[in-house]
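Have a look at the structure below before the remarks.
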Amino acid sequence: MTLPRSYIAGCGSYLPERRVSNEELAQTIDTSDEWIVSRTGIKERRIAADGELTSDLAYKAAIRALEHAQMTADDLDLVILATTTPDRTFPSTATRVQAMLNMKSGAAFDVQAVCSGFIFALSIADNFIRAGQAETVLVIGAETFSRILDWEDRTTCVLFGDGAGAVVLRKEHIEADSDVDSREQRGILSTHIHSDGNYSNLLYVDGGPSSTQTTGHVRMIGREVFRHAVVNLAWVVDEALKANNYQRSDIDWLVPHQANKRILDSTARKLGIPEEKVVITVDRHANTSAASIPLALDEAVRDGRIKQGELILLEAMGGGLTWGAALVRW
Ligand code: UT7
């Protein structure tokens with residue numbers, strides 16, 4: 001017997017050229033490199049150029065992912081783009097990327113789950129494939145978060161950066177006989193997504209087409225978000241492991257959403273995962289919201305850290321509140 005499953009056929013990412021250091025920020029707001037590094041682990045972030053849009057970053061990451069998968073846009077039947085910073089209120093940024101890729105068929109839509117957006121998009125794509133409604137899906141996380149920051153609010157503006165990452169998910173059939181361990185075969189083993197709208201006031205944008213008719217700026221009660229992040233992430237990671245009958249010690253690589261080095265350290269400590277098994281980019285990228293996981297994944301795949309057959313755990317938590325995890329056999 002065989003079962004349909006999706007696997008990651010290729011990944012790619014893109015960062016805008018301009019690097020902004022903590023020292024540069026400290027020239028315009030009351031902050032310091034010492035405070036930012038000690039509280040967050042962030043040393044610098046990339047900021048998109050004037051006129052460089054979320055779709056531009058997404059397109060470049062998508063091209064790299066397609067090249068890595070040795071595919072072209074003609075092979076795609078779905079584009080799912082996770083973003084909180086779309087080019088326009090509508091149409092979706094995904095349809096813009098679809099046009100840039102010169103796709104003449106298929107469907108494209110955006111997903112909004114803020115920093116958990118990539119996990120949500122991956123989960124949707126995986127389920128489309130398992131249900132037989134798609135064969136090859138481009139999943140993108142792309143953000144120009146710099147455009148929704150209040151650059152006079154030191155409690156938020158130092159934390160975020162711009163960037164994009166993408167993966168190509170492909171359908172294949174795995175052996176599902178009793179003498180074959182399906183967990184050992186490559187692919188997305190499971191995805192787990194959650195939200196609790198009761199905590200929407202902890203992290204939000206104070207604008208929007210329906211409420212203020214303005215774009216608005218990011219507002220966050222950081223300490224509270226931090227507290228929820230540590231609890232929810234450990235919980236959802238255990239949920240993913242239990243669903244596949246794995247132990248924490250079975251994880252080869254943790255590829256987390258990159259919000260704060262202290263959250264990464266705390267989650268890894270709780271899980272008993274050594275620091276060298278955690279892919280960390282927050283020092284150079286800051287928090288790129290939906291883009292952070294595919295950016296980190298791409299880096300660790302291309303530099304050879306992540307190898308075929310290894311067990312990869314992706315996890316994220318963000319505004320909503322939303323959180324989720326995915327267990328992947330590479
Ligand atoms: O990706 C989505 C999820 N987001 C997150 O996971 C973010 C979670 N939260 C965090 O990462 C941390 O809470 C922050 C990095 C945002 C803040 O760190 P903290 O250790 O929780 O600091 P705090 O908010 O308790 O602020 C401590 C002090 C305050 O001063 P007082 O009131 O104690 O005098 C702040 O005003 O640090 C001050 N402060 C700053 N000082 C210098 C806040 N931001 C800055 C800054 N530079 N940029």
Side-chain angles (χ1 to χ4, degrees), residues 13-48 84-85 114-116 141 143-165 202-203 217-234 253-271 273-300 303 305 314-319:
S13 61
Y14 178 78
L15 288 162
E17 273 175 32
R18 186 164 168 240
R19 293 167 197 263
V20 175
S21 67
N22 294 341
E23 286 87 355
E24 191 177 335
L25 292 181
Q27 287 168 15
T28 52
I29 51 165
D30 180 17
T31 191
S32 65
D33 178 55
E34 195 280 327
W35 191 95
I36 301 172
V37 171
S38 65
R39 298 292 179 121
T40 71
I42 297 165
K43 294 177 184 148
E44 63 175 27
R45 70 284 295 139
R46 301 294 186 96
I47 301 292
T84 299
T85 47
V114 206
C115 298
S116 313
E143 302 279 15
T144 46
F145 235 70
S146 60
R147 306 264 156 76
I148 55 167
L149 295 174
D150 174 352
W151 287 99
E152 292 179 357
D153 176 9
R154 69 176 183 170
T155 69
T156 51
C157 76
V158 303
L159 303 174
F160 296 91
D162 300 336
L202 298 185
L203 176 52
H217 294 114
V218 175
R219 304 295 172 205
M220 176 166 72
I221 306 172
R223 209 178 294 181
E224 281 296 301
V225 176
F226 193 111
R227 201 170 60 78
H228 283 276
V230 172
V231 174
N232 290 343
L233 289 174
W253 289 101
L254 180 63
V255 185
H257 167 53
Q258 313 276 323
N260 182 323
K261 177 77 165 45
R262 283 159 52 216
I263 297 179
L264 306 189
D265 290 347
S266 169
T267 307
R269 224 176 11 251
K270 270 196 164 180
L271 297 172
I273 298 174
E275 195 180 342
E276 58 275 16
K277 289 289 180 186
V278 184
V279 179
I280 293 171
T281 55
V282 68
D283 52 333
R284 290 157 290 125
H285 301 172
N287 181 347
T288 57
S289 184
S292 86
I293 290 178
L295 270 162
L297 182 70
D298 188 44
E299 184 172 293
D303 69 18
R305 271 179 288 172
L314 316 177
E315 47 89 331
M317 143 104 191

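- Atom CZ in Arg223 sits 11.5 Å away from atom OG1 in Thr155 (nearest 0.5 Å).
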Problem - Stepwise side-chain contact (heavy atoms from CB on, under 4.5 Å) test for Asn287 and Cys115 - result: CA-CA 9 Å; Asn287 181 347; Cys115 298; 3.9 Å; yes
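- Counting only heavy atoms from C-beta outward, the side chains of His217 and Asp153 never approach each other to under 4.5 Å.
- Of all the heavy atoms in Asp150 and Thr156, the pair that sits closest is O-OG1, 4.4 Å.
- Between Ser38 and Arg262, the shortest heavy-atom distance links the atoms O-CD, 3.7 Å.
- Side chain of Asp298 to backbone of Ser13: a donor-acceptor contact under 3.5 angstrom is found.
- Rounding to the nearest 0.5 Å gives a distance of 12.0 Å between CG of Leu203 and CD of Glu224.
- Note that CG of Leu15 and OG1 of Thr281 are 8.5 Å apart. Values are rounded to the nearest 0.5 Å.
- Under the 4.5 Å side-chain criterion, counting only non-hydrogen atoms from C-beta, Arg18 is not in contact with Pro16.
- Between Lys43 and Val37, the closest side-chain pair of non-hydrogen atoms falls below 4.5 Å.
- Judged by distance alone, the side chain of Thr144 and the main-chain N or O of Arg147 form no donor-acceptor pair under 3.5 Å.
- Thr40 places none of its side-chain heavy atoms less than 4.5 Å from the side chain of Val282.
- Residue Gln258 holds its CD atom at 7.5 Å from OG1 of Thr288, rounded to the nearest 0.5 Å.
- With hydrogens and angles disregarded, a donor-acceptor distance shorter than 3.5 Å links the side chain of Arg154 to the backbone of Asp30.
- In this structure, CD1 in Ile293 is found 8.0 Å from OG in Ser116, a value given to the nearest 0.5 Å.
- In this structure a side-chain-to-backbone donor-acceptor pair under 3.5 Å is present from Asp162 to Phe145.
- Within 6.0 Å of the CD atom in Glu24, the count of heavy atoms belonging to other residues, nucleotides or ligands exceeds 12.
- Checked against side chain to side chain contact (heavy atoms under 4.5 Å, CB included), Ala286 has the following partners two or more places apart in sequence or in another chain: Ile42, Arg45.
- Across all their heavy atoms, Arg46 and Glu17 have their closest contact at NH1-O, 3.8 Å.
- For the pair Trp253 (side chain) and Ala300 (backbone), a donor-acceptor distance under 3.5 Å is absent.
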Exercise for the section: Give the C-alpha distance, both sets of side-chain angles, the deciding distance and a yes or no for side-chain contact (heavy atoms from CB on, under 4.5 Å) between Val279 and Leu254. Expected result: CA-CA 6 Å; Val279 179; Leu254 180 63; over 6 Å; no
Exercise for the section: Evaluate side-chain contact (heavy atoms from CB on, under 4.5 Å) for Leu202 paired with His228, printing each intermediate quantity in order. Expected result: CA-CA 10 Å; Leu202 298 185; His228 283 276; 3.6 Å; yes
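- Looking only at side-chain heavy atoms (C-beta outward), Val278 and Pro256 come within less than 4.5 Å of each other.
- For the pair Lys261/Ile280, a side-chain contact is recorded, criterion being any heavy-atom separation below 4.5 Å from C-beta on.
- Taking all atoms of both residues into account, the shortest heavy-atom contact from Trp151 to Ile47 is CH2-CD1, 4.1 Å.
- The CD1 atom of Ile148 lies 10.5 Å from the CZ atom of Arg219; values are rounded to the nearest 0.5 Å.
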Exercise for the section: Evaluate the side-chain contact (heavy atoms from CB on, under 4.5 Å) criterion for residues Glu299 and Arg284: first the C-alpha distance (whole Å), next the side-chain angles of each, then the deciding distance (0.1 Å), finally the verdict. Expected result: CA-CA 12 Å; Glu299 184 172 293; Arg284 290 157 290 125; 3.0 Å; yes
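- Here the side chains of Ile29 and Val158 are in contact, with some heavy-atom distance below 4.5 Å.
- Residues Ala291 and Gly163 share a closest heavy-atom pair of CB-O, 3.3 Å.
- Counting only heavy atoms from C-beta outward, the side chains of Leu159 and Asn260 never approach each other to under 4.5 Å.
- Annotation for Ser292 and His257: closest pair OG-ND1, 2.7 Å, computed over non-hydrogen atoms.
- Side-chain atoms of Glu143 come within 3.5 Å of backbone N or O of Thr85 as a donor-acceptor pair.
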